Amino acid sequence: MNAIEITDLCKQFTGKKRVRIDALKNINLQVETGEIFGFLGPNGAGKSTTIKIIMGLLRPSSGTARILGVHSGLAASRLRVGFLPENPAFFDYLSAEEYVGFVGSQFKMDDGLLKRRSEDVLKRLDLWDARRRPIRSYSKGMVQRVGLAQALVHDPDIYILDEPMSGLDPIGRALVKDIILELKNQGKCVFFSTHITDDVEKVCDRVGVIVRGALVALDRVENILKSGVEGYLVHLRLSEDVPAVFGGFEAVRRSGAISEFYVPCPAFNSFMGTVNTSGTEVVLVETRRRNLEDFFLSLVSVGRESG
Amino acid sequence: MMTMIGITLKGIFRDRVFQGIMVTACAFLLIPVIASLSMRQVTELSVTLSLSLISFILLLLSVFLGGTSLWKDIDRRYTFSVLGLPLSRQSYLLGRFCGTALFVMLSAAVLGAAAFAVVCYSSAIYPADRPIIWSTMALCILFDALKYILLIAVAFLLSTVSTSFFLPVFGTIAMFFAGGVAQQVHEYILSPASESISPVVRQIANGLYYLLPNFEAFDLKVNAIYGLPLPTGGLLLTLGYFFVYVTFLLSVSTAIFSRRELR
């Protein structure tokens, strides 16, 4: 059974002057249990709308969203979900400890277990010292961490995180990435939205790219990175007194006896054949490829042109 | 739902509204002094002032807590995190309502105790002409609290359809005044004195009488002040009216809120 299943999902909003806005256009998506899925898209692409429909906060205009096979409109669909909304806000008259306790009680956690888990997550997210202060006195980053604490406390199987790194400093961002990787090792499913490609590249198994409400790409991160290989940077040890040209390629850089040659993919095999024949020492071969950001930007620009 | 009630109560106790009301309640201390200025009927005046002060405080609570509770949660985006839990919208709304209603009941009890103390003190210094019937006074406070719980249900209904606090707050105030005079208007419409009014207006007034909550039915102040006997049948009818009306309002509220888009 899929952790999250979205079928033919459409959402229209009626804007000012009764103008209809297509926020989501026929989204189809399945996220498997144990998978880390990155939902990538520029601001206003429809990421949060999709997440709100999955969480039952918005109703789809057509299509369905299910969590572990349960329709997202039902409270029961959220029984095994930890959810962090975008720019979260919590009852600010409560302390982090009280709020996490409230969340645990909603999941009917046993008191002893809740106390232990609360302590674990508050310490893990560096909120232990501030746990008894009202949330209204917290900084934005601390509120974001409370959001993560309340999503983690009941140890759910599925995590739905809307921009989890938003508002965090570099230390906080690194912490969140570590937590997501830990969850991955525990076999949990994490569905998170972001517009930062680096986050996806480092932690995700699969990525979906949404632009203007349409899912324009859906693939494994490794496939995207593999398909983006454009050439190789070959480091050769050459005598310093010979010209910096080899196999028809001019060195892009020379440092003492080491010369670097950029070889495009189609010419790589013949280049290496020449290297072997000449008996030249290969010091290093580096892959030159488009990163996920380039891939994302190309999709966004195509999406915008076609939109 | 029980945790939601607990969270609501905690929020109210930590809210400035509650602290403001505690300050307002200090006005009870002035009642014997003000009542003594009348020179006669001091105890009756103490009862009147005490019950009126309780009613005023409960009105403030109902309008500000009832009218802003749901709206504030939506406006401050608390609903995104709370409704992302396995909590149905019905449970959330009913938890919020019950928490607020429970607080109004608790406030009525505490303020009622203060009123009893004030009246006891006044009657000890200036003995009353008529006996004070404490049970009637207690019932008067209870029915006053029920009236304001009904008003909170109105405020919740208005909150479910509103995107700002204007409708829940000002709409609730308007409903309070309209519901307070609905009975008198209805009686006037039925009297021969209203024959000059056009039939359309009379029909509208009649329709509004059945639609608007009738708050006058909950008013037992005259009975409490002058120690008049209470009509048991009338009280039971009012109690039934209260339950039916509140159930109706909450059913409509939950139906609307369950379908509401939380953008």
Side-chain angles (χ1 to χ4, degrees), chain A residues 11-15 23 48-49 51-61 67 70 72-95 98-99 101-108 134-136 143 146-147 150-151 153-154 156 159-162, chain B residues 1-21 64-65 68-100 103 160-161 163 254-263:
Chain A
K11 180 67 188 173
Q12 278 118 31
F13 291 118
T14 308
S48 291
T49 302
I51 287 178
K52 282 177 186 169
I53 291 174
I54 296 171
M55 293 308 298
L57 297 168
L58 288 175
R59 278 179 296 120
S61 301
I67 301 175
V70 183
S72 66
L74 303 170
S77 69
R78 301 187 286 275
L79 277 170
R80 288 162 68 188
V81 176
F83 172 52
L84 171 71
E86 184 187 17
N87 299 324
F90 307 104
F91 296 131
D92 62 2
Y93 51 84
L94 297 180
S95 65
E98 286 171 329
Y99 192 79
F102 161 67
V103 171
S105 68
Q106 288 303 314
F107 287 94
K108 305 206 169 15
I135 295 175
R136 71 163 68 97
V143 173
V146 173
Q150 59 89 37
V153 70
H154 55 288
Y159 291 83
I160 297 176
L161 314 175
D162 198 352
Chain B
M1 196 171 93
M2 292 311 289
T3 43
M4 208 58 233
I5 294 173
I7 289 285
T8 304
L9 282 173
K10 214 174 255 186
I12 295 171
F13 281 116
R14 292 177 186 179
D15 197 280
R16 285 204 192 100
V17 173
F18 172 69
Q19 288 147 16
I21 283 154
F64 290 107
L65 296 180
T68 60
S69 174
L70 202 58
W71 164 78
K72 211 191 306 182
D73 283 3
I74 296 169
D75 186 63
R76 294 188 181 174
R77 302 154 57 88
Y78 298 156
T79 41
F80 290 146
S81 42
V82 175
L83 296 175
L85 303 171
L87 177 74
S88 69
R89 293 194 185 193
Q90 288 95 322
S91 301
Y92 164 77
L93 188 132
L94 293 177
R96 273 294 198 210
F97 171 79
C98 291
T100 313
F103 180 75
T160 58
V161 293
T163 52
T254 50
I256 294 170
F257 190 62
S258 297
R259 295 185 61 79
R260 182 161 177 172
E261 299 261 63
L262 296 169
R263 291 195 195 184

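Note that the structure is a prediction, hence the values are computed from the model and not measured. Chain A is the first sequence line, chain B the second, and so forth, proteins listed ahead of strands; every chain is numbered from 1.
Residues of residues 68-75 of chain B that come within less than 4.5 angstrom of chain A, heavy atom to heavy atom, are B:Asp73 in numerical order.
Across all non-hydrogen atoms, the minimal contact from A:Ala89 to B:Ser81 is O-OG, 2.9 Å. In terms of heavy atoms, A:Leu94 sits closest to B:Lys10 at CD2-CD, 3.6 Å. Of all the heavy atoms in B:Ser88 and A:Ala75, the pair that sits closest is N-CB, 3.9 Å. In plain terms, the two heavy atoms of B:Leu85 and A:Val103 that are nearest each other are CD2-CG1, 3.7 Å. When all heavy atoms of A:Gly56 and B:Arg89 are compared, the closest pair comes out as O-NH2, 3.1 Å.
The contact between B:Thr79 and chain A is made entirely by backbone atoms, counting heavy-atom distances below 4.5 Å. For a residue to count as touching a neighbouring chain, one of its non-hydrogen atoms must lie under 4.5 Å from one of that chain's; by this rule A:Tyr93 touches chain B with backbone and side chain alike.
B:Arg76 contributes atom CZ, which lies 15.0 Å from atom CZ of A:Phe90 (distance to the nearest 0.5 angstrom). Rounding to the nearest 0.5 angstrom, the gap separating the CE atom in A:Met55 from the CG atom in B:Leu83 is 9.5 Å. We find the CD-OG1 distance between A:Gln106 and B:Thr3 to be 3.5 Å, quoted to the nearest 0.5 Å. Atom CZ in B:Phe80 sits 10.0 Å away from atom CG in A:Asn87 (nearest 0.5 Å).
When each of A:Phe83, A:Phe102, A:Tyr99 is checked for heavy-atom pairs under 4.5 Å with chain B, A:Phe102 comes out on top.
Exactly one residue among A:Arg59, A:Lys52, A:Lys11 makes a side chain to side chain donor-acceptor pair (under 3.5 Å) with B:Glu261. That residue is A:Lys11.
Within the 4.5 Å cutoff, no side-chain heavy atoms of B:Ile7 are placed close to those of A:Glu98.
Listed by chain and residue number, B:Leu9, B:Ile12, B:Phe13, B:Phe18, B:Leu61, B:Leu65, B:Ser107 satisfy the side chain to side chain contact (heavy atoms under 4.5 Å, CB included) test with B:Phe103 (two or more places apart in sequence, or in another chain).
No more than 12 heavy-atom neighbours from other residues, nucleotides or ligands sit within 6.0 angstrom of CZ on B:Phe64.
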